Amino acid sequence: MSREILGYRFIRHRATGRAVGPLAPVFKADWPYRLPPPSQIVWRYLDLWKFEDMLRTSSLYFCRCDKFRDPLEGSLSKLGIHGTSASDKAFTARYPIAADYHASASAQEVARGCMFVNCWHMNTREGNRMWRAYTSDPDSVVISSSAKALQRVIPPQEVTMSSVRYVPEDIPRTEFDKSSLFFYKDTSFSYECELRLLRPLREGEQVFIERPEDFGRAIQVNLRLLVHRVILNKTISDTARRRVTDLVRQFCSRATIQESSV
């Protein structure tokens, strides 16, 4: 059965940037980047203090990838699986370059400390499991927005947006560029239905692995355009309820405030 080809990859001359070898096909089945329709509803679950910080700084917080609980976050496929996708086989058939898996895995571990992620959940409605997984206090909220709104407010030159591909360990994660591996996750996380924003380390920017200030990065966004609804945890305190109302009125007055339905 024929495979659908999305494009081609090749090696470029370092000085001229021109192709110096044959074209190797990139198959659609291996391509990790996928955008949802603009109308897709997206959700971000937050404890109240995170919500307040987001509003007061007018920013989205991007967590460093090596700080996530998934040990495979942004990692190569296992030895023996890595490099076995149809796209990788097509490339190595045209460019039989000797590869050192362990050196590549070590380099990728360094890369995990240089990528920052902001996560959104894709669904048509809020979910009880997401409340439990991503909030730790009754004083919490979920923000509702859309994929279109996210695209409008994030700087495209800094941030890559794509839904995450959930694959088992025996399915290779194809490395098309330095970012592509960060859009794969293990199938055990598939309930997240994640729309991911990825912000790589900028040229000349430094990260000190154990410095708390470097555990994440903040990107300025227009929250009045982004935040459509703010939904209150069903057991939120009266004090926190009033706090949310004041914050929304001050920082994102277009948004509506609703009660949780789960």
Side-chain angles (χ1 to χ4, degrees), residues 6-21 23-24 26 30-35 44 53-54 57-68 70-77 82-83 87-88 91 95 97 99-120 147 149-165 173-185 194-223 225-226:
L6 285 182
Y8 297 88
R9 55 178 169 166
F10 49 85
I11 291 179
R12 296 179 184 271
H13 191 282
R14 288 189 177 182
T16 66
R18 295 178 179 175
V20 293
L23 300 179
V26 172
D30 301 325
W31 190 244
Y33 302 108
R34 291 174 171 82
L35 281 176
R44 185 160 172 81
D53 182 72
M54 182 189 75
T57 61
S58 296
S59 65
L60 294 179
Y61 182 77
F62 286 64
C63 181
R64 207 173 71 205
C65 283
D66 60 349
K67 293 298 179 181
F68 286 111
D70 179 7
L72 298 177
E73 187 83 43
S75 298
L76 300 182
S77 304
H82 177 67
S87 296
D88 277 337
F91 186 80
Y95 299 95
I97 302 169
D100 184 333
Y101 174 85
H102 297 290
S104 296
S106 296
Q108 192 61 27
E109 186 59 32
V110 173
R112 279 166 33 88
C114 300
M115 296 285 183
F116 302 89
V117 164
N118 182 265
C119 310
W120 294 74
L150 271 175
Q151 284 186 294
R152 288 180 67 188
V153 302
I154 60 171
Q157 68 277 10
E158 290 186 55
V159 176
T160 300
M161 185 170 90
S162 172
S163 56
V164 168
R165 284 194 67 187
R173 305 176 177 205
T174 308
E175 185 179 9
F176 291 106
D177 54 38
K178 295 299 182 184
S179 298
S180 58
L181 292 179
F182 294 92
F183 290 96
Y184 292 93
K185 293 190 77 170
E194 182 182 338
L195 180 61
R196 171 164 290 197
L197 309 181
L198 182 74
R199 188 271 206 195
L201 199 67
R202 297 172 184 149
E203 185 175 352
E205 185 180 9
Q206 291 183 319
V207 163
F208 294 90
I209 298 299
E210 298 303 326
R211 189 170 68 176
E213 307 94 278
D214 286 333
F215 290 176
R217 290 289 188 270
I219 289 185
Q220 299 291 303
V221 296
N222 186 335
L223 294 175
L225 295 178
L226 179 61

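Only a predicted model underlies this, so the values are computations on that prediction, with no experimental measurement involved. Starting from 1, each residue takes its place in the sequence as its number.
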Do side-chain atoms of [X] reach the backbone of [Y] as a donor and acceptor pair under 3.5 angstrom?
X: Ser58; Y: Val221; value: no
X: Tyr61; Y: Met54; value: no
X: Arg173; Y: Ser180; value: no
X: Tyr184; Y: Leu72; value: no

Any residue meeting side-chain contact (heavy atoms from CB on, under 4.5 Å) with [X], in chain and number order, not counting sequence neighbours:
X: Leu35; answer: Gln151, Met161
X: Leu23; answer: Tyr8, Phe10
X: Thr57; answer: Asp53, Ser59
X: Ser75; answer: Arg112

Could you grab the distance from atom [atom1] of [X] to atom [atom2] of [Y], nearest 0.5 Å is fine?
X: Gln108; Y: Leu76; atom1: CD; atom2: CG; result: 5.5 Å
X: Phe91; Y: Glu175; atom1: CZ; atom2: CD; result: 10.5 Å
X: Glu158; Y: Phe62; atom1: CD; atom2: CZ; result: 8.5 Å
X: Leu223; Y: Gln220; atom1: CG; atom2: CD; result: 9.0 Å
X: Arg64; Y: Phe215; atom1: CZ; atom2: CZ; result: 6.0 Å
X: Phe68; Y: Cys63; atom1: CZ; atom2: SG; result: 4.5 Å

Within the structure provided, determine whether Phe116 and Val207 are in side-chain contact (heavy-atom separation under 4.5 Å).
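Yes - at least one pair of side-chain heavy atoms lies under 4.5 Å apart.
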
Does some side-chain heavy atom of Ile154 sit less than 4.5 Å from a side-chain heavy atom of Asn118?
no

Can Leu197 and Leu60 be said to form a side chain to side chain contact (heavy atoms under 4.5 Å, CB included), step by step?
CA-CA 10 Å; Leu197 309 181; Leu60 294 179; 4.2 Å; yes

Has Arg34 got more than 12 heavy atoms of other residues, nucleotides or ligands less than 6.0 Å from its CZ?
yes

Any chance CD of Gln206 has more than 12 other-residue heavy atoms, nucleotides or ligands included, within less than 6.0 Å?
no

Excluding sequence neighbours, so at least two apart, what forms ring pair (Phe, Tyr, Trp, His ring centres under 6.0 Å) with Phe176?
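Here the qualifying residues are Trp31.
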
Who are the ring pair (Phe, Tyr, Trp, His ring centres under 6.0 Å) partners of Phe183, not counting sequence neighbours?
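In terms of ring pair (Phe, Tyr, Trp, His ring centres under 6.0 Å), with neighbours along the sequence ignored, Phe183 is linked to Tyr33.
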
Residues in side-chain hydrogen bond (donor to acceptor under 3.5 Å, both in side chains) contact with [X], at least two apart in sequence or another chain:
X: Arg165; value: none
X: Gln157; value: none
X: Asp88; value: Arg9, Ser85
X: Arg196; value: Glu73, Glu194

Check against side chain to side chain contact (heavy atoms under 4.5 Å, CB included), Phe182 and Cys65
CA-CA 8 Å; Phe182 294 92; Cys65 283; 3.6 Å; yes

Tell me, with the steps shown, if Thr174 and Leu181 meet side chain to side chain contact (heavy atoms under 4.5 Å, CB included).
CA-CA 7 Å; Thr174 308; Leu181 292 179; over 6 Å; no

Per-pair distances, 0.1 Å, donor-acceptor, side chain in residues 13-21, under 3.5 Å, sequence neighbours excluded:
residue : atom : partner : partner atom : Å
His13   : ND1  : Ala15   : N            : 3.0
His13   : ND1  : Thr16   : N            : 3.3
Thr16   : OG1  : Arg18   : N            : 3.3

Nearest non-hydrogen partners of [X] and [Y], listed with the distance:
X: Asp66; Y: Gly113; value: OD2-CA, 3.8 Å
X: Ser162; Y: Pro32; value: OG-O, 3.6 Å
X: Ala103; Y: Asp100; value: N-OD1, 3.1 Å

Are Leu226 and Leu150 close enough, and set up right, to give a side chain to side chain contact (heavy atoms under 4.5 Å, CB included), and what steps lead you there?
CA-CA 6 Å; Leu226 179 61; Leu150 271 175; 3.7 Å; yes

For Arg217, check salt bridge (Lys or Arg N to Asp or Glu O under 4.0 Å) against everything at least two apart and list the hits.
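Residues passing salt bridge (Lys or Arg N to Asp or Glu O under 4.0 Å) with Arg217: Glu205, Asp214.
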
